[in-house]
Amino acid sequence: MAMPKADKIWYNGELIDWDDAKIHVLSHVVHYGSSVFEGMRCYDTKRGPACFRLADHVKRLFDSAKIYRMTIPYSQDDLTQAILETIQTNKLDACYVRPIVFRGYGALGVDPTTCPVDVVVAVWKWGAYLGEEALEKGASVCFSSWNRLAPNTMPSLAKVGANYMNSQLIKMEALADGYAEGIALDTQGYVSEASGENIFLVKNGAIYTPSTGSSILPGITRHSVITLARDLGYTVMQRPIPRESLYIADEVFFTGSAAEVTPIARIDKVEIGNGARGPVTKALQDAFFGLVNGESEDRHSWLTFV
Ligand code: PPE
C-alpha cells in the first residue's frame with residue numbers, strides 16, 4: 001500500500017508534522033522488533049466520524065505491552081484522548097488509526113529495559129484491505145507453507161511488530177503465487193489465521209472459528225462478528241478446525257479491522273460453496289457495515305464519536 005499522507009502525527013504528547021515524525025536508526029525497535037501496536041477504523045457516519053471499538057483497541061494495546069513488560073507512559077484515558085485528537089486534527093471523516101508504542105533510542109543489546117518507551121498515533125486513508133471487489137465477490141486465497149507462531153515462542157495474543165515477520169512470509173508467498181492472502185495452520189496442523197485476518201467458516205447454518213488455542217490474534221472484529229452472529233440467532237463455535245473443513249465449508253470469510261468482513265471465494269483454487277459470497281456472510285456484512293456506518297442501532301456501544 002502506498003502511504004497516503006495525513007497532516008499531523010501525535011508523537012509523545014505533541015502533534016507534529018507528518019514528515020517530521022522520525023526515529024533514530026539505532027532505536028531498539030529497529031533492531032529487535034520491540035513494538036506493540038493497534039489498528040482500528042474510524043467510520044464516516046451520518047452523525048459524524050466514529051471510531052469502532054476504540055476502548056477495546058486501547059485495552060488490547062495495554063495488554064500487549066504488559067506481556068512484554070513494557071510500561072506505557074500514558075494512561076488508557078490519555079491515549080484514548082490522543083487518538084480522538086489526532087483524528088480531529090487531521091480532519092478525516094473516515095480513516096485507519098495506528099497507535100504504536102515502541103522501545104526507542106538509548107541502548108542496544110537485547111535487554112530493552114533502559115530504552116525509553118515512545119508512543120505515536122498516526123491516521124491515514126485506507127480503503128478495502130483485499131480490494132473493493134473482494135468484499136462483494138470474495139477473495140482467492142491459499143494455504144500457506146508457513147505455520148503461524150508456535151505456542152510459548154512468540155505470544156500470539158500480543159499484537160507486536162515482531163510477529164509480523166511471520167505475517168510477511170505468509171503474505172509475500174501468497175502474493176508471489178497469485179493469491180490475495182495466505183491462511184496459516186498452527187503448529188499442531190489446525191487452521192490458525194491469515195497474515196492479518198481471523199478466519200470463519202459456515203457449515204450447515206452454524207459458524208466456526210479457531211479458538212485462542214490456535215495461535216491467533218484475538219481479533220476485535222472477530223469478537224464483534226461472533227456477537228452480531230449470536231444476535232442474529234446463529235450458533236458460533238470456537239474450536240480446532242481441520243484444514244480440509246475449509247474446502248468443504250458452505251462459506252468462508254475473513255475478519256479484521258482492515259479487512260472488515262471479506263468473503264473467500266476460492267482456497268487453493270477450490271471453490272468454496274458455489275464460489276460466491278454466501279448468504280450468512282452477506283447477513284454478517286450487512287449487520288457489521290450497518291452498525292459501523294451508523295445506519296443500525298449501536299446496541300453494544302461500539303462507536304465513539306470523534
Ligand atoms: N490476526 C492478525 C495476525 C492481524 O494482524 C489482525 C489485524 C487480525 C487477526 C484481526 O484483528 P482485529 O483487527 O482486531 O479484528 N490486522 C491489522 C493489521 C493489518 C495490516 O496490514 O497492518 C488490521 O486489520 O488492522
Side-chain angles (χ1 to χ4, degrees), residues 1-4 33 39 41 96 98 124-150 154 156 159 161-203 207-210 214-217 219 221-222 225 241-282 284-285 288-289:
M1 181 202 61
M3 176 67 76
R41 281 186 189 268
Y96 184 80
R98 170 60 54 83
W124 64 84
K125 288 248 171 222
W126 200 347
Y129 194 55
L130 298 176
E132 204 58 55
E133 198 184 300
L135 285 174
E136 216 179 292
K137 298 224 160 79
S140 175
V141 307
C142 61
F143 277 106
S144 184
S145 69
W146 296 100
N147 284 130
R148 205 63 184 122
L149 315 164
M154 306 288 288
S156 72
K159 189 171 173 72
N163 288 358
Y164 287 81
M165 291 304 277
N166 174 263
S167 290
Q168 288 175 52
L169 292 170
I170 295 164
K171 187 75 178 187
M172 289 190 292
E173 180 189 58
L175 293 176
D177 291 343
Y179 299 100
E181 182 57 286
I183 305 161
L185 305 179
D186 65 20
T187 53
Q188 299 293 309
Y190 291 101
V191 175
S192 177
E193 61 179 353
S195 76
E197 304 96 335
N198 291 116
I199 190 162
F200 287 75
L201 74 87
V202 182
K203 183 79 173 175
I207 301 173
Y208 303 83
T209 194
S214 287
S215 297
I216 62 163
L217 178 74
T221 320
R222 172 181 178 275
V225 164
I241 295 184
R243 168 179 182 159
E244 65 277 19
S245 63
L246 291 188
Y247 297 122
I248 59 174
D250 300 325
E251 302 177 33
V252 177
F253 60 89
F254 284 150
T255 65
S257 298
E260 301 170 302
V261 180
T262 302
I264 306 300
R266 285 172 300 281
I267 305 176
D268 297 333
K269 308 208 166 108
V270 177
E271 275 194 359
I272 307 307
N274 56 9
R277 174 174 63 188
V280 178
T281 308
K282 174 74 167 67
L284 293 170
Q285 280 186 322
F288 178 83
F289 288 111

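Being a predicted model, the structure only gives us computed values, none of them experimental. In what follows, every heavy atom counts, from backbone to side chain, and hydrogens, waters and symmetry copies are set aside. Along the sequence shown, residues are numbered consecutively beginning with 1.
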For a side chain to side chain donor-acceptor pair (under 3.5 Å) check, start with the C-alpha distance between E197 and T262, then their side-chain angles and the critical distance, and finish with the verdict. CA-CA 9 Å; E197 304 96 335; T262 302; over 6 Å; no
Work out which heavy atom in [X] is nearest to a heavy atom in [Y]; give both atom names and the distance.
X	Y	result
P242	S245	O-OG, 2.6 Å
A184	S144	CA-CB, 4.3 Å
P263	T281	CB-CG2, 3.9 Å
K269	Y179	CG-OH, 3.6 Å
G39	R98	CA-NE, 4.3 Å

When you compare the side chain of [Y] with that of [X], does any pair of heavy atoms fall below 4.5 Å?
X	Y	value
M154	M165	no
L201	I207	no
V202	F253	yes
T221	E260	no
I248	K203	yes
F254	L130	yes
F200	V261	no
D268	C142	yes

Take the angle between the ring planes of W124 and Y96 and call it parallel below 30°, perpendicular above 60°, tilted in between.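 W124 vs Y96 ring planes: tilted.
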When you compare the side chains of S195 and E181, does any donor N or O come within less than 3.5 Å of an acceptor on the partner?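 Yes, E181 and S195 have a side-chain donor paired with an acceptor closer than 3.5 Å.
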Modelled atom types, side-chain donor and acceptor of N147 and T187, under 3.5 Å: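 Not at all, the side chains of N147 and T187 share no donor-acceptor pair under 3.5 Å.
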How long is the span from the [atom1] atom in [X] to the [atom2] atom in [Y], to the nearest 0.5 Å?
X	Y	atom1	atom2	result
S167	L149	OG	CG	7.5 Å
E136	K282	CD	NZ	9.0 Å
D250	N274	CG	CG	9.5 Å
Y190	S215	OH	OG	13.5 Å
I170	Y164	CD1	OH	10.5 Å
R148	N166	CZ	CG	4.5 Å

In plain terms, say whether R222 and E193 are close enough for a salt bridge, that is, a side-chain N and a carboxylate O under 4.0 Å apart.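 E193 and R222: not salt-bridged.
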Might you confirm whether atom CD of E244 has over 12 heavy atoms from other residues, nucleotides or ligands at distances under 6.0 Å?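 It does: E244 CD has more than 12 such atoms within range.
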For [Y], does its backbone N or O pair with a side-chain atom of [X] as donor and acceptor, under 3.5 Å?
X	Y	result
N163	S156	no
K171	A180	yes
E173	G182	no
R266	S140	no

With S192, which of I183, L185, I199, I216 fulfils side-chain contact (heavy atoms from CB on, under 4.5 Å)?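 Answer after filtering I183, L185, I199, I216: I216.
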Please step through side chain to side chain contact (heavy atoms under 4.5 Å, CB included) for the pair F143 and L246, ending with a clear verdict. CA-CA 10 Å; F143 277 106; L246 291 188; 3.5 Å; yes
